[in-house]
J.: 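I'd like to ask some things about the structure below.
Residue numbering restarts at 1 for every chain, and letters A, B, ... go by the order of the sequence lines.
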Protein chains: 2
Amino acid sequence: MSETADRLRRYLEDELEECRSEDLRRRLAELDDLEAVLDDGVVADDVRTLSALGDGTRYRLVRLLVEASGELCVCEITPLVEVSDSAVSHALSTLAEAGLVEKRKDGRWRKYRATDRAKALLTVLDGSR
Amino acid sequence: MSETADRLRRYLEDELEECRSEDLRRRLAELDDLEAVLDDGVVADDVRTLSALGDGTRYRLVRLLVEASGELCVCEITPLVEVSDSAVSHALSTLAEAGLVEKRKDGRWRKYRATDRAKALLTVLDGSR
DNA sequence: CACTTATCTGAACGAACGCACAATCGTCTC
DNA sequence: GAGACGATTGTGCGTTCGTTCAGATAAGTG
């Protein structure tokens with residue numbers, strides 16, 4: 001159940017007012033998948049993913065992990081960006097919550113790897129520029 | 001020229017220290033496209049795009065424009081989201097700067113349309129969930 | 001021209017964010 | 001067990017962000 005979908009339903013049921021075209025009403029009414037993609041859970045999930053990547057530091061970290069095409073530990077990543085190791089740790093944690101990287105314990109180290117979702121997003125960005 | 005790429009160059013030239021694997025050094029050295037994708041301009045551009053979409057209101061606006069598969073004017077969009085018309089205007093302006101929507105004057109109205117970049121990003125998000 | 005409609009712009013303000021610093025935790029080595 | 005190393009967590013601080021409100025602009029309408 002989504003607030004926006006609710007608004008959409010009311011919109012479709014309302015009287016036709018100035019400026020709101022009948023054409024739009026018809027088009028939106030035909031979209032039975034619109035409510036699905038406007039579901040609050042789906043929206044929140046995508047927004048978490050996008051805003052996680054929408055930061056310079058985190059973007060660079062993901063870029064490095066994707067290009068390295070393999071696992072890297074924090075101590076390998078830190079010298080490649082211009083922030084403290086604490087900031088890198090915070091950033092990787094945010095990225096993990098967003099499903100953009102995966103963590104693995106390996107003795108004294110924590111190895112990070114980019115997920116398919118991260119790779120797909122960067123690929124699309126590269127392709128549409 | 002990118003700060004991160006600079007760091008990468010220094011990293012590859014440095015003496016091998018504890019924790020930084022020779023394997024990583026070899027892998028990174030082979031990537032001649034890494035500097036390209038870490039170019040400050042490219043990073044800033046992608047980050048602008050991602051953080052523009054990484055907000056609930058703006059995400060919903062783009063979603064509506066993509067699903068409607070055509071132009072919508074501001075007064076058609078506003079009743080579908082739960083913020084003021086001013087907030088919608090601000091949001092659309094941000095999205096236009098990020099290259100996610102395109103604006104067109106049509107008499108009294110301004111019509112907005114999602115760009116291919118926006119469609120591609122939402123498609124990837126839908127496909128990797 | 002006054003009046004309405006559609007949209008934008010510019011504050012202002014509270015909330016959220018990104019970072020560094022300090023402290024802590026787990027693992028390895030001597 | 002003491003100490004070093006890799007990484008995380010919590011806190012505080014300055015900055016950015018998203019929103020609303022009020023006012024401006026611009027185009028149609030009577």
J.: Give me the atom names and distance for the closest heavy-atom approach of A/Val101 to A/Leu65.
T.: CG1-CD1, 3.8 Å

J.: Quick one: side chain to side chain donor-acceptor pair (under 3.5 Å) partners of B/Arg60, sequence neighbours excluded?
T.: A/Thr4, A/Asp40

J.: Let me test you: for the helix from C/dC1-D/dG30 to C/dC30-D/dG1, what is the angle between the axes at its two ends (five pairs each), rounded to 10 degrees?
T.: 20°

J.: Can you name the side-chain contact (heavy atoms from CB on, under 4.5 Å) partners of A/Ala98, sequence neighbours left out?
T.: A/Arg48, A/Ala52, A/Leu100

J.: Are OP1 or OP2 of D/dT8 and a side-chain N or O of A/Tyr112 less than 4.0 angstrom apart?
T.: yes

J.: Let me know the distance between CD of B/Glu71 and P of C/dT7, rounded to the nearest Å.
T.: 13 Å

J.: Considering just the side-chain nitrogens and oxygens of B/Tyr59, establish if one lies under 4.0 Å of OP1 or OP2 belonging to D/dG18.
T.: no

J.: May I have the distance from B/Leu50 (atom CG) to D/dC17 (atom C1'), rounded to whole angstrom?
T.: 17 Å

J.: Do the non-hydrogen side-chain atoms of A/Tyr59 and B/Leu50 ever get within less than 4.5 Å of each other?
T.: yes

J.: Treating primed atoms plus P, OP1 and OP2 as sugar-phosphate and everything else as base, which nucleotides of nucleotides 13-20 of chain C get B, S or - for protein heavy atoms under 4.0 Å?
T.: -----SSB

J.: Who pairs with A/Asp126 by side chain to side chain donor-acceptor pair (under 3.5 Å), at least two apart in sequence or on another chain?
T.: A/Arg63, A/Arg129

J.: Quick one: B/Trp109 CH2 to C/dC8 C1', roughly how many Å, whole number?
T.: 17 Å

J.: For B/Asp55, enumerate each residue passing the side chain to side chain donor-acceptor pair (under 3.5 Å) test, keeping only those at least two apart in sequence or located in another chain.
T.: none

J.: Take nucleotides 25-30 of chain C nucleotide by nucleotide from the 5' end and write B, S or -, depending on whether a protein heavy atom sits under 4.0 Å from the base, only from the sugar-phosphate, or from neither.
T.: --BS--

J.: Applying side chain to side chain donor-acceptor pair (under 3.5 Å), name anything that partners B/Arg113, two or more places apart in sequence or on another chain.
T.: B/Glu71, B/Glu102

J.: What is the separation between atom CD1 on A/Ile77 and atom P on D/dG6, rounded to the nearest whole Å?
T.: 14 Å

J.: What residues form a salt bridge (Lys or Arg N to Asp or Glu O under 4.0 Å) with A/Asp116, not counting sequence neighbours?
T.: A/Lys119

J.: Quick one: B/Lys111 NZ to C/dT7 C1', roughly how many Å, whole number?
T.: 14 Å

J.: Tell me the interatomic distance from A/Glu97, atom CD, to D/dT8, atom P, rounded to whole angstroms.
T.: 13 Å

J.: Write down the distance between CD (A/Glu76) and C1' (D/dG6), rounded to a whole number of angstrom.
T.: 12 Å

J.: Take atom CG of B/Leu92 and atom P of C/dT9, then tell me their distance rounded to the nearest Å.
T.: 12 Å

J.: Of the non-hydrogen atoms in B/Val62 and B/Ala118, which two are nearest, and what is the gap between them?
T.: CG1-CB, 3.8 Å

J.: Sequence neighbours left out, what passes side-chain contact (heavy atoms from CB on, under 4.5 Å) with B/Ser86? Give chain and number order.
T.: B/Ser84, B/His90

J.: Using the side chain to side chain donor-acceptor pair (under 3.5 Å) rule, take A/Arg117 and A/Thr49 through it: C-alpha gap first, then chi angles, then the decisive distance, then the call.
T.: CA-CA 9 Å; A/Arg117 194 154 210 236; A/Thr49 298; 2.7 Å; yes

